[in-house]
Amino acid sequence: QRAFVNVKDMGRAMLYFTNLLKRNKNTYDVYNIGDDRLNWTKRQLAEYVKERTGCFVDYIDFAEDSDCRNYVISHDRMTEDGFKCGYSMEETLDELIKTMPVLKSESKYQ
């Protein structure tokens with residue numbers, strides 16, 4: 001699994017923790033921004049996009065995955081200091097899927 005987060009939540013987190021810092025209220029220098037609900041595997045991402053778009057997904061078995069990150073991050077500090085992510089993986093992926101027509105129309109000018 002990997003930890004994902006919506007860019008809008010990252011922006012919100014930067015503002016939130018900057019404001020805490022200004023008020024001398026945060027006790028940690030480093031935060032893992034995210035939510036346990038946002039820990040998805042690459043396969044889960046691919047299957048969701050396939051379900052929403054009807055695209056073809058092909059899985060190829062490799063002897064070894066060169067990018068074998070698989071970890072779960074604790075968001076306890078973030079939560080304890082009062083921040084919560086507002087966007088689910090489904091909402092984030094749906095936003096990205098909606099941008100595809102825009103990207104396709106730009107590609108003919110490259």
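Keep in mind that what you see is a predicted model, and the values were worked out from it rather than measured. Residue numbers count from 1 along this sequence.
Annotation: side chain to side chain contact (heavy atoms under 4.5 Å, CB included) contacts of Phe83 (sequence neighbours excluded): Arg12, Ala13, Tyr16, Phe17, Ile33, Met78, Cys85.
Residue Glu51 holds its CD atom at 11.0 Å from CG of Leu93, rounded to the nearest 0.5 Å. For the atom pair NZ (Lys42) and CD (Glu47), the distance works out to 14.0 Å, reported to the nearest 0.5 Å. With rounding to the nearest 0.5 angstrom, the NZ atom of Lys98 is 8.5 Å from the CZ atom of Arg52. We find the CG-CE distance between Leu15 and Met10 to be 11.5 Å, quoted to the nearest 0.5 Å.
Put simply, the side chain of Glu95 never gets that close to the backbone of Thr92: no donor and acceptor are under 3.5 Å apart. In this structure, the side chain of Asp9 does not engage the main chain of Val5 through any donor-acceptor pair within 3.5 Å.
Minimum heavy-atom separation, Leu38 to Phe4: CB-O, 3.0 Å. Residues Arg77 and Tyr31 approach most closely at O-CE2, 3.8 Å, considering heavy atoms. Looking at every heavy atom in both residues, Asp36 comes nearest to His75 through OD1-ND1, 3.4 Å.
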Requested in this report: Please lay out, stage by stage, how Tyr48 and Asp94 fare under the test side chain to side chain donor-acceptor pair (under 3.5 Å).
Outcome: CA-CA 10 Å; Tyr48 184 81; Asp94 288 344; 3.1 Å; yes
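Residue Met89 forms a side chain to side chain contact (heavy atoms under 4.5 Å, CB included) with just one option from Leu45, Asn6, Asp35, and that option is Leu45.
Within the 4.5 Å cutoff, the side chain of Phe56 has no heavy atoms near those of the Lys50 side chain.
Clustering ILVMFWY residues whenever any of their side-chain heavy atoms sit less than 4.5 angstrom apart, transitively, puts Trp40 in a cluster other than the one holding Val57.
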